[in-house]
Enquirer: 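Just dropping this structure here.
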Amino acid sequence: MYRIPILQMGSALLVTIQVDMEDQTAVQLQDDLATRIETTGANGVLIDISALEIVDSFVGRMLASISGIARVLDATTVVVGMQPAVAITLVELGLSLEGVKTALNVKRGMLLLEQGQRGESLERD
């Protein structure tokens, strides 16, 4: 089974999904992230899905679940790099990804995490 790498960048964890996720890989990522948040004390999780061309309802629910788990562990989740086709699919599936923050790219996602930690609002660049 393929495991998605989780990198630490300061007080945040960075996950770059480079493969189409199978259900078992998504479940493993959820478990791995929960463990890493707990062991590192990370207060932010940035998930880059720019390489994903398609998602199914299970992967969409897993993104929402990961965000919920991170929130319970006192970490904010930001999903970045969502392609238009993925956004359309999620909406068509009825998945609003409630509680999941999104940004167009990694730079904006990191700014969102940093500003969220300071309680600021994100300005458009």
Enquirer: Checking Asp23 now: which residues fulfil salt bridge (charged side-chain N to carboxylate O under 4.0 Å, His left out) with it, not counting sequence neighbours?
Expert: none
Enquirer: Indicate the atoms forming the closest heavy-atom contact of Ala12 with Met110, along with that distance.
Expert: CB-CE, 4.4 Å
Enquirer: Kindly indicate whether the side chain of Val45, heavy atoms from C-beta on, has any atom under 4.5 Å from the side chain of Val78.
Expert: no
Enquirer: Could you check if a side-chain atom of Asp32 sits within less than 4.5 angstrom of a side-chain atom of Arg3, using non-hydrogen atoms only?
Expert: yes
Enquirer: Side chains of Lys101 and Thr77: does their closest heavy-atom pair fall under 4.5 Å?
Expert: no
Enquirer: CG/Leu90 to CG/Leu97 distance, rounded to the nearest 0.5 angstrom?
Expert: 5.0 Å
Enquirer: Are the side chains of Leu13 and Leu7 in touch, meaning some heavy atoms are under 4.5 Å apart?
Expert: no
Enquirer: Under a 3.5 Å cutoff, is there a donor and acceptor pairing between the side chains of Ser57 and Arg61?
Expert: yes
Enquirer: Compute whether any side-chain donor of one residue and acceptor of the other, for Gln83 and Ser50, lie under 3.5 angstrom apart.
Expert: no
Enquirer: If you measure from CG on Leu93 to CG on Asp56, what distance do you get to the nearest 0.5 Å?
Expert: 8.0 Å
Enquirer: Should the heavy atoms of other residues, nucleotides or ligands under 6.0 Å from CG of Asp74 be counted, would the total exceed 12?
Expert: no
Enquirer: For Ala42 and Ala75, which heavy atoms make the closest approach, and how far apart are they?
Expert: O-CB, 3.7 Å
Enquirer: For Val86 and Leu52, work out which heavy atoms get closest and say how close.
Expert: CG2-O, 3.4 Å
Enquirer: Does the side chain of Val91 come within less than 4.5 Å of Ile88's, by heavy atoms?
Expert: no
Enquirer: Do Val80 and Leu46 have side chains that approach each other closer than 4.5 Å (heavy atoms only, starting at C-beta)?
Expert: yes
Enquirer: Between Ser67 and Val100, what is the shortest heavy-atom contact and its length?
Expert: CB-CG2, 3.5 Å
Enquirer: Are the side chains of Ile69 and Leu33 in contact, using a 4.5 Å heavy-atom criterion?
Expert: no
Enquirer: Taking a hydrophobic cluster as the set of Ile, Leu, Val, Met, Phe, Trp and Tyr residues connected by side-chain heavy atoms closer than 4.5 Å, whether directly or through intermediates, do Val72 and Ile37 fall within one such cluster?
Expert: no
Enquirer: In this structure, would Ile6 and Met62 fall into the same cluster of hydrophobic residues linked by side-chain contacts under 4.5 Å?
Expert: no
Enquirer: For the CZ atom of Phe58 and the CG atom of Leu63, what is their distance to the nearest 0.5 Å?
Expert: 10.5 Å
Enquirer: Hey, what do you get for OG1 (Thr25) to CD1 (Ile17), rounding to the nearest 0.5 Å?
Expert: 10.0 Å
Enquirer: Would you give the length of the straight line joining atom CD of Gln8 to atom OG1 of Thr39, rounded to the nearest 0.5 angstrom?
Expert: 8.0 Å
Enquirer: How long is the span from the CG atom in Asn43 to the CG atom in Leu113, to the nearest 0.5 Å?
Expert: 8.0 Å
Enquirer: Could you state whether Ile66 and Val27 fall into the same hydrophobic cluster, counting links through intermediate Ile, Leu, Val, Met, Phe, Trp or Tyr residues with side-chain heavy atoms under 4.5 angstrom apart?
Expert: no
